[in-house]
Structure formats: C-alpha cells, structure tokens
Amino acid sequence: MKTYKLDRVSGAKSGLDYDADLNEQQRAVVTAGSGPLLVIAGAGSGKTHTLTYRMAHLVDRGVDPTNILLLTFTNRAARSMTSRASELVGLNVTRLWSGTFHSTANRILRRYADRLGYPTDYTIIDRDDATTLMKSCVAGADVGHLERRFPRPKMLVNLFSFARNTGRTLAEALDERAPYFQELCEPIARILGLYQVRKREMGLMDFDDLLTNWRDLLVEHPDVRKELSERFEHILVDEYQDTNHVQGRIVDEMAHVHGNLMVVGDDSQSIYAFRGADYRNILEFPERYPDCHQFRLETNYRSTPQILDLANRSIAFNVHQYEKTLRAHRPEGPLPAHVHLEDANQQAAFICQRILEFVDEGLSLDDIAVLYRSHHHSMELQVEMTRCKIPFVVRSGLRFFEQAHIKDALSYLRFLFNHRDELAFMRLVRQWRGIGQKRAENIWMFLSSQPDTLEALRDERLIDNLPGRASTSWRRASELLDDLRKMRLGTSPAAILETLLDSDFYDHVQSSYENAENRLRDLEQLANYAAQFESLDTFLGEISLLSGVSGQEIGVGEARDDEFVCLSSVHQAKGLEWSAVFVLNLAHGEFPHRRALEDEGGLEEERRLFYVATTRARDDLYLCHPMTYSSRGSYRVVQRESKFIEEIRDDSQRSGEPLPWEDWRIEG
C-alpha cells in the first residue's frame, strides 16, 4: 500500500481512534496513501462516514485544508461532511474547498473567466431565464417556427443541456430524446448557435456553461490547469457514478499534476443516464489510472440479510459491473414479499390496508415509502390514500392530478362540462400555436358574448378576424372542440379523453414536454381511470375532491399531522431509507420499462434501478405485481412478472436455492 508523501510539517494529532470508529474496509480507505484511489461503496455501507474520516485523516496527517477539494452533488452533503470532519480533528476543516461541481466551477471562473472571453462579473441565469432567452433566439433565428410544429423553448434548453453534458452531437441528442424533431436539426442548430452568441455578448452563463467553461479552461490553458492541480493536493469525489461526460473530464484534468484523486461511488447505483450521467466514468477508471488502488465497502448497516440476499442475487445478472456482495451487519428479518394482485386498484387497496396495519403496530408514517418506476404507476394509489385519509407526500414531483400535462387534458373536459369556465378555456386555447395571452383573451371575449358559447366555437366571424397562423390553428382547435362537444352528453369521459389523445393534442404534448412518452402514458392512465365513471359530472367531481383533500387524518393509530407516507420515483429515492418499502408495478414492460427490454445497456440500468429500490428498505419489503391492467378501449391485458423476478425465479429452479421472497396472493 502506498504511503503519504507530504511536503509540509505534520499538524497536530487529533487522537482519533480509527480502529474503533471504522470497520476494516473503511479503515483501509481512510488511511490509504497517495495516488489514484477507487472506492466501490455498496448501498448502506457508510460511504459518507468513510469520506468524512478520510478528510479528517488527511488534515490529521498535516495536509492543509485549503489544499483539499471535495466535489459532491449537493452543497448540503459537502457542508455536513466538512463540519463533521472539523469536529473530529478539532481544526477548521471548513477552510477546504467543498461543494457541488457547479458551485466550485463558479468560484474558479470568477477568477479566470476573462481567459475565455467572459467578464469576471458574469451573471448566472437559471432555467427560467435560459428559456426566456431561448424564446427570443427562436424568433431571432428566423426558422419559420410558427408555420410548423416546433419544439418549445424549454424543450430546446433541456435538449441542448443533454447534448452538452453527454458529449453528444445535436443530431444524436435529437435521435435519443426527441426523434420526431430530427428533421428540424438544421434550424435547431441555428437557434442554439444564436443562443450561445447572445449569452456571451450579454456576459451570461447558464448552469451548463459553468461546467463546460471550467473544462475548457483546463484543456485550453495548461498554465491554469497546472496552477489549480498543484493547489489542490488531494481531490475527493462523492457519488462518482453519477458524473457526466464533462464532469469526468474535469476531474481528470484537476488531478493532472499529482494524481491524488479518490473517487467514491457505486456502479450498481448508477441510474441517472437520462440526466446525462455516464457510468463508464467509474467502470473505466482503472483504464485511465492503471496504478490505482481499488477498495470495496461491502458491510451494509441498513437492511436485513433477507433484503440484501434479494438485492445481491438480482444485481448479479448485470455483466458490466464491479463484483461485490453486500453483507448485513443487522440480524435476521422477515423475507420480502412478492405480492400478486388482480390489478392496480387492488394493489392500491392492499398497500393502504398494510400501511394502516403498520401504524396500528406503532410504525411512524414517515418510516414508510412507496416507490415506483414511472409516475403514472402511483395514480390509483394516490386516489386510494386520499380516500383512506392517509397523509402522503409525493417526493418525485407534483401529485398526479397537479401535473401540467394532466391539467392540459382536463381543461378540455372542464370547459365542455362548464362553458363559463374561463380558466379552463384560457389553459386549453393557449396550447394552440399562434395564440398567446392577448389573442386568447380576445377569443374568449367573443365567445362569452354569444348566446351559446360552445356553438360559437366555429363561428366564421371569429375565425376570419384572426391573423393567418392563429386563424388556421383556431380552426383546427374549434373542430376538435366541436367533435368533443358532440360526445360530451352521450359518451363516457374515457372515450372523450381517448379522442383527445388521438387529436392534435398528441402533438402538443410532444412539442411541449420532455419525456413525452412518459407523459402520454400518464394520460392513458388518466383515460383508464376515467373508465370507472359514466359522466363528466361524476368524473370531474371526483377529481376535484381528490385534488382538494389533503388527507391530514388517519383512521387508526396516533399519527401526527407532520407525518406522511413518502411516494417517490426510485430515482428520487436514491440515498434515502425507510423501515417499510413497497415497490409498485413489477410487471413486464413496466419495471423494467419496455424500451429497456430491447437494449442490454438499458436493461442493466433498469436492474440497477431495481437494486436501488430494494436496498432502500431496512426491515420490510413488498414487491407488487398487478396481474392485469386496462388498455385503451378498456380491454383487460394480462401482465407477466417483471423480468427481474423471472430471472431470479428461473435461477432458483436451476440451482435448487430457495427463493429470496415469499409469494403472496391477495384475495377479495
């Protein structure tokens, strides 16, 4: 093992008992010598504890805190680790540079931005400001965006961000994220070029500029790279598996002089490819640093042996990984349950009943979580929890019925039901190209002045008074609304929604929202839910009640008002833990997602996602499999078990090993 090579006189010894405070694997990491170090830290293995002690040990051995750079993915994590390290050694470790990649980039660029042609007093713009500027660039680039379906400015900002952070060309980014706009690659490229020029002219940087400019500074200015690399004698990177293409290059350049680089992460928890994270950074680290020392943290302090057995056996099917086996520090617990349910409604009822039982047994609501692969998987559960008055918080974003694309669709139904609903009308009319706020107000003034608002939708006087693009757009909108108007009395809400999804509204979702496929699945789920209702009246009334009720009371136990069950996507749950965890919709094509079944790399990322979901649980884990679902048209479709369940089941049959779960079937 390498030893330290320090140029300075050793500082005061802290008297820390590294033997008592760390297990053997953690201690090896903390006391390792100089040079490149790769630490594969399994779930629940005390990664933060180990990093904190590593910083303390460096200072304890005489490294000046100002010569240490800690890069994390949240400023909160950086503050927590540096504050704790200061307490351990009794020195002001907070003098070290620590923070997110973006905050560190800003500190460096404030000194060197002029090397890249920026003023050092540049302004950082957020996503809203970037979207406003992009909108101006769309108009200024003269690409005929009003004559054809074109990506919204917000989508262009996100698309450009994805391309820059992953090192993809614009064409490659379009092919992956918005293939239906591939034919617009050339005009989009013109817009993005203008966007870059205008930012530089105005002395502006967006969040992505902070990273790309830091990288460019290091690559294009060797003297600056040498100065910074010599300054930061030791570089530590947390959650290294989540770094993207640009961040990976930055880390390598910053360690250029000394190579004292410790990266800590878990390739089995690399689940953010959709944000641009590149797990190859951690997998290929030994290739870039052939003399690196590798360490494993495999003692898990979170979960029972039964939960870890399931997680280990699942992730073993991944080919591209660092092999490791999580070992439980805790005693035996119950087997996870693989729960077979009739459909999503029975799934919701089962989970609510089990939550109420947990509360009756004394478990806090805060110690219970429901995790899902896609947001629409939670819709029926949100409805049932609201009915049961079980308080919940949606960590993955807005509650289902509060999402923008859901509100967009419901605005049509609300206006059809109540033609005096100006709010609903203003929301739906602005979804059509060429109709902004002022024009929408003018249309509404005309409609509301007519004896029959719905009949006036196709009034030629209205259409003729609109300018060209708006006239064409409104004619199509009025035809759709007229078709829906004829359906509203004698047709189910589900049929109305299905007609809406087959209309130009589909194009609106694609051009307005990222992850359009997931949004459309949400809308299909909404249509499936609407199939339970015979009239618009009852359907909209139910949604209004569900949106307005907060569920601040619970039927049994003594829950406090500030206790909530956590509903979360698995992506948002990473790094968290609960005593009891339910995983929804473990069915073929749902989890893993159907697109991943066609690609080995995608399937391995989905399996890592399943691994993250299972390792969030401390004591109780429920894997839920709805055996049927309603497709559009209300046909019942049988759903196979998730591939992640099937492969373990098949492997157990071949090897004779018992299954790492109990199979439950729910009746009633």
Backbone N/O of [Y] and side chain of [X]: donor-acceptor pair under 3.5 Å:
X: Q306; Y: G333; value: yes
X: R395; Y: A369; value: no
X: S303; Y: A617; value: yes

Over all atoms of both residues, closest heavy-atom pair of D242 and S270
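It is OD1-CA, 4.3 Å.
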Please determine whether a side-chain nitrogen of the Lys or Arg among R280 and E287 lies less than 4.0 Å from a carboxylate oxygen of the Asp or Glu.
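Salt bridge absent between R280 and E287.
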Can you check side chain to side chain donor-acceptor pair (under 3.5 Å) on Y240 and D267, steps first, answer last?
CA-CA 9 Å; Y240 185 63; D267 58 297; over 6 Å; no
Those residues that, when tested against E284, pass side chain to side chain donor-acceptor pair (under 3.5 Å) (two or more places apart):
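E284: no side chain to side chain donor-acceptor pair (under 3.5 Å) contacts found.
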Considering residues at least two apart in sequence or located in another chain, which fulfil the side chain to side chain donor-acceptor pair (under 3.5 Å) criterion with N585?
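Partners of N585 under the side chain to side chain donor-acceptor pair (under 3.5 Å) test: Q347.
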Are F644 and F610 close enough that their ring centers fall under 6.0 Å?
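Under 6.0 Å, so yes.
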Taking the ring of Y279 and the ring of H320, is the distance between their centroids below 6.0 Å?
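No.
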Measuring from D309:CG to R327:CZ, what's the distance to the nearest 0.5 Å?
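Going from CG on D309 over to CZ on R327, the span is 14.0 Å.
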Is it true that the NZ or CZ of R164 lies under 6.0 Å from the centre of F160's six-membered ring and within 45 degrees of the ring axis?
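Relative to the ring axis of F160, which defines the angle, R164 lies inside both limits.
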Look at the rings of H338 and W661 and say which category their plane angle falls in: under 30° parallel, 30 to 60° tilted, over 60° perpendicular.
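Taking W661 first and then H338, their aromatic rings sit tilted (interplane angle of 30° to 60°).
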Holding to side-chain contact (heavy atoms from CB on, under 4.5 Å), I want the full list of residues that pass it with R127, two or more places apart in sequence or in another chain.
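R127 satisfies side-chain contact (heavy atoms from CB on, under 4.5 Å) with V157, N158, S161, D208 only.
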Would H329 and N300 count as a side chain to side chain donor-acceptor pair (under 3.5 Å) if you check the C-alpha gap in whole Å, the side-chain angles of each, and the deciding distance to 0.1 Å?
CA-CA 6 Å; H329 183 72; N300 178 285; over 6 Å; no
For a side chain to side chain donor-acceptor pair (under 3.5 Å) check, start with the C-alpha distance between Y289 and D252, then their side-chain angles and the critical distance, and finish with the verdict.
CA-CA 10 Å; Y289 297 91; D252 290 342; 2.8 Å; yes
Decide yes or no for L526 and F539: does some side-chain heavy atom of the first lie under 4.5 Å from some side-chain heavy atom of the second?
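Touching, per the 4.5 Å side-chain cut-off.
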